[in-house]
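Just so it is clear, the model here is predicted, and its values are computed rather than measured.
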Amino acid sequence: MHLSEIWIYPVKSLGGIRLKEAKAEEKGLQYDRRWLIIDETNTFITQRVFHQMALIDVALEEDGLRIFQRNDPENSIMIPFEPVSAEKLSVKIWDDIAEAVTVWDEADAWLSAQLEQRVRLVMMPESTQRKADPKYAKNGEIVSFADGYPFLVISQASLDDLNTRLEDPISMVRFRPNFVISETMPFEEDQWKRIRIGELDFEIVKPCARCVLTTVDPSTGQKGHEPLKTLASYRRVNNKVLFGQNLVASNFGTVKEGDELNVIE
């Protein structure tokens with residue numbers, strides 16, 4: 001079994017970036033979901049409501065992030081890694097209140113124009129300690145602005161299995177994993193408890209319950225019924241539709257595409 005794809009999503013709910021290698025840190029992969037778009041009540045917003053966020057892409061450049069409209073790449077803005085305005089804020093993400101800092105007034109204006117409502121871009125500073133769900137986290141792990149856990153793994157075989165059941169096959173992008181694993185049986189990841197990718201150890205803490213975000217087509221921004229409708233027919237447990245596994249890291253370092261995956265337990 002091998003690590004076939006590595007993904008990060010620097011701005012929560014905007015486009016993802018596929019990498020050849022990435023640094024695994026306590027909050028997740030470096031740069032993954034360290035930025036968040038909030039509304040005027042300082043509450044996070046996502047594609048679940050603002051489907052047009054699916055059409056805004058992010059590129060990792062030497063000095064920061066370039067955020068751009070996929071269908072009009074010239075319509076873009078550069079976001080420096082170091083916040084310009086750096087006003088401290090408490091932001092609401094799900095049931096959590098997390099400390100963040102504003103990034104730049106120009107970024108706010110650009111994003112507000114794209115999303116046709118007043119929003120701001122914030123960044124999670126290193127000092128913020130947002131706890132992963134203590135019901136499942138093992139050692140008080142912390143997390144970025146990801147929904148609940150630092151890492152998400154899905155096997156390619158699980159997606160292939162799903163696609164045999166769908167009228168129109170979909171890409172893995174719908175599920176926004178960090179790690180895609182090749183050469184497994186479908187849903188083999190459901191059986192893992194501890195795994196090693198390259199030289200790094202990870203613990204599987206809980207299956208990932210999927211939401212309506214998966215029904216937004218990342219290529220068009222249009223919402224449909226799939227894949228949740230089909231997944232619900234064979235992946236429903238306790239009224240939740242499960243696809244992929246949430247992980248926490250036991251040690252930190254670099255993972256690379258092609259790294260071998262070994263099941264420890």
Side-chain angles (χ1 to χ4, degrees), residues 7-16 24-51 53-54 56 58 65 79 81 83 85-104 107-108 111 115 117-153 175-179 202-214 216 238-250 252:
W7 288 86
I8 60 170
Y9 312 87
V11 183
K12 186 178 179 70
S13 240
L14 299 190
E25 302 174 335
E26 191 176 7
K27 291 175 182 171
L29 293 179
Q30 185 180 31
Y31 304 123
D32 188 36
R33 283 167 276 221
R34 300 304 204 276
W35 289 265
L36 184 73
I37 301 173
I38 57 171
D39 64 15
E40 291 185 279
T41 69
N42 293 356
T43 301
F44 81 120
I45 68 169
T46 73
Q47 283 181 40
R48 292 168 183 83
V49 176
F50 297 91
H51 307 327
M53 292 173 82
I56 302 177
V58 182
L65 305 175
I79 307 296
F81 286 132
S85 48
E87 173 196 345
K88 289 184 181 176
L89 289 179
S90 294
V91 301
K92 184 169 173 57
I93 172 165
W94 297 117
D95 295 329
D96 296 337
I97 302 295
E99 295 307 306
V101 294
T102 60
V103 175
W104 191 27
D108 300 343
L111 286 163
L115 300 175
Q117 77 149 17
R118 281 192 66 185
V119 297
R120 284 198 282 182
L121 182 68
V122 298
M123 179 186 181
M124 179 179 281
E126 284 301 312
S127 57
T128 292
Q129 303 278 301
R130 180 183 172 225
K131 295 286 188 187
D133 187 338
K135 275 192 296 187
Y136 300 100
K138 304 294 179 180
N139 299 296
E141 285 91 358
I142 56 175
V143 63
S144 64
F145 290 127
D147 279 349
Y149 300 91
F151 306 93
L152 175 66
V153 65
F175 298 102
R176 300 173 78 82
N178 295 117
F179 304 135
F202 297 89
E203 193 159 354
I204 283 80
V205 289
K206 73 179 287 289
C208 185
R210 308 316 304 218
C211 69
V212 294
L213 191 145
T214 61
V216 178
N238 296 331
N239 220 28
K240 292 183 175 175
V241 177
L242 306 180
F243 195 83
Q245 294 287 335
N246 290 297
L247 312 176
V248 294
S250 302
F252 310 111

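Take Ser85 and apply the side-chain hydrogen bond (donor to acceptor under 3.5 Å, both in side chains) test, not counting sequence neighbours, and it matches Thr102. Remark: Glu40 pairs with Arg118 by the salt bridge (Lys or Arg N to Asp or Glu O under 4.0 Å) rule, at least two apart or across chains. Considering only residues two or more places apart in sequence or on other chains, Arg34 meets the salt bridge (Lys or Arg N to Asp or Glu O under 4.0 Å) condition with Glu25. Looking at residues two or more places apart in sequence or on another chain, you find a side chain to side chain contact (heavy atoms under 4.5 Å, CB included) between Gln117 and Asp39, Ile45, Phe50, Val119. For the side-chain hydrogen bond (donor to acceptor under 3.5 Å, both in side chains) test, no residue two or more places apart in sequence or in another chain qualifies with Thr128. Under the rule for a side chain to side chain contact (heavy atoms under 4.5 Å, CB included), the partners of Pro10 that lie at least two apart in sequence or sit in another chain are Ile8, Ile17, Trp35, Val58, Leu65. Partners of Gln47 by side-chain hydrogen bond (donor to acceptor under 3.5 Å, both in side chains), not counting sequence neighbours: none found. Asp108 pairs by the salt bridge (Lys or Arg N to Asp or Glu O under 4.0 Å) definition with nothing, not counting sequence neighbours. Shown here are the salt bridge (Lys or Arg N to Asp or Glu O under 4.0 Å) partners of Glu99, two or more places apart in sequence or in another chain: there are none. Applying the side-chain hydrogen bond (donor to acceptor under 3.5 Å, both in side chains) criterion to Lys27, with sequence neighbours excluded, gives no partner residue.
With Lys206 as the partner, the side-chain contact (heavy atoms from CB on, under 4.5 Å) test is satisfied by one option alone out of Leu242, Asn246, Asp133: Asn246.
Rounding to the nearest 0.5 Å places OG of Ser144 at 9.5 Å from CG of Leu29. In this structure, the separation between OH on Tyr9 and CG on Leu14 is 12.5 Å, given to the nearest 0.5 Å.
The two residues Pro150 and Asp32 make their nearest non-hydrogen contact at O-OD2, 4.4 Å. The two residues Leu152 and Cys208 have their closest heavy-atom pair at CD1-CB, 3.7 Å. In plain terms, the two heavy atoms of Gln129 and Glu126 that are nearest each other are NE2-O, 4.0 Å. For Ala100 against Pro125, the heavy-atom pair with the smallest separation is CA-CD, 3.9 Å. Of all heavy-atom pairs spanning Pro83 and Val101, the tightest one is CG-CG2, 3.8 Å. Taking all atoms of both residues into account, the shortest heavy-atom contact from Ala146 to Ile93 is O-CD1, 4.3 Å.
At a threshold of 4.5 Å between non-hydrogen side-chain atoms, the residues Ile38 and Leu89 count as touching. Looking only at side-chain heavy atoms (C-beta outward), Leu247 and Tyr149 stay at 4.5 Å or farther from each other. With a 4.5 Å cut-off on side-chain heavy atoms, Phe252 and Glu26 count as touching. Residues Ile37 and Met53 have side chains in contact (heavy-atom distance under 4.5 Å, counting atoms from C-beta outward). Side-chain contact between Asn42 and Val122 is absent, with no heavy atoms from C-beta onward closer than 4.5 Å.
In this structure, Phe202 and Phe151 have perpendicular ring planes: the angle between them is above 60°, well past the 30° mark.
Residue pairs satisfying the salt bridge (charged side-chain N to carboxylate O under 4.0 Å, His left out) criterion with at least one member in residues 85-96, sequence neighbours excluded, are listed as follows: Glu87-Arg120, Asp96-Arg130. Counting only residues at least two apart or on different chains, the salt bridge (charged side-chain N to carboxylate O under 4.0 Å, His left out) pairs with a member in residues 140-149 are Lys12-Asp147, Arg48-Asp147.
With ring centers used as reference points, Phe44 lies 6.0 Å or more from Phe145.
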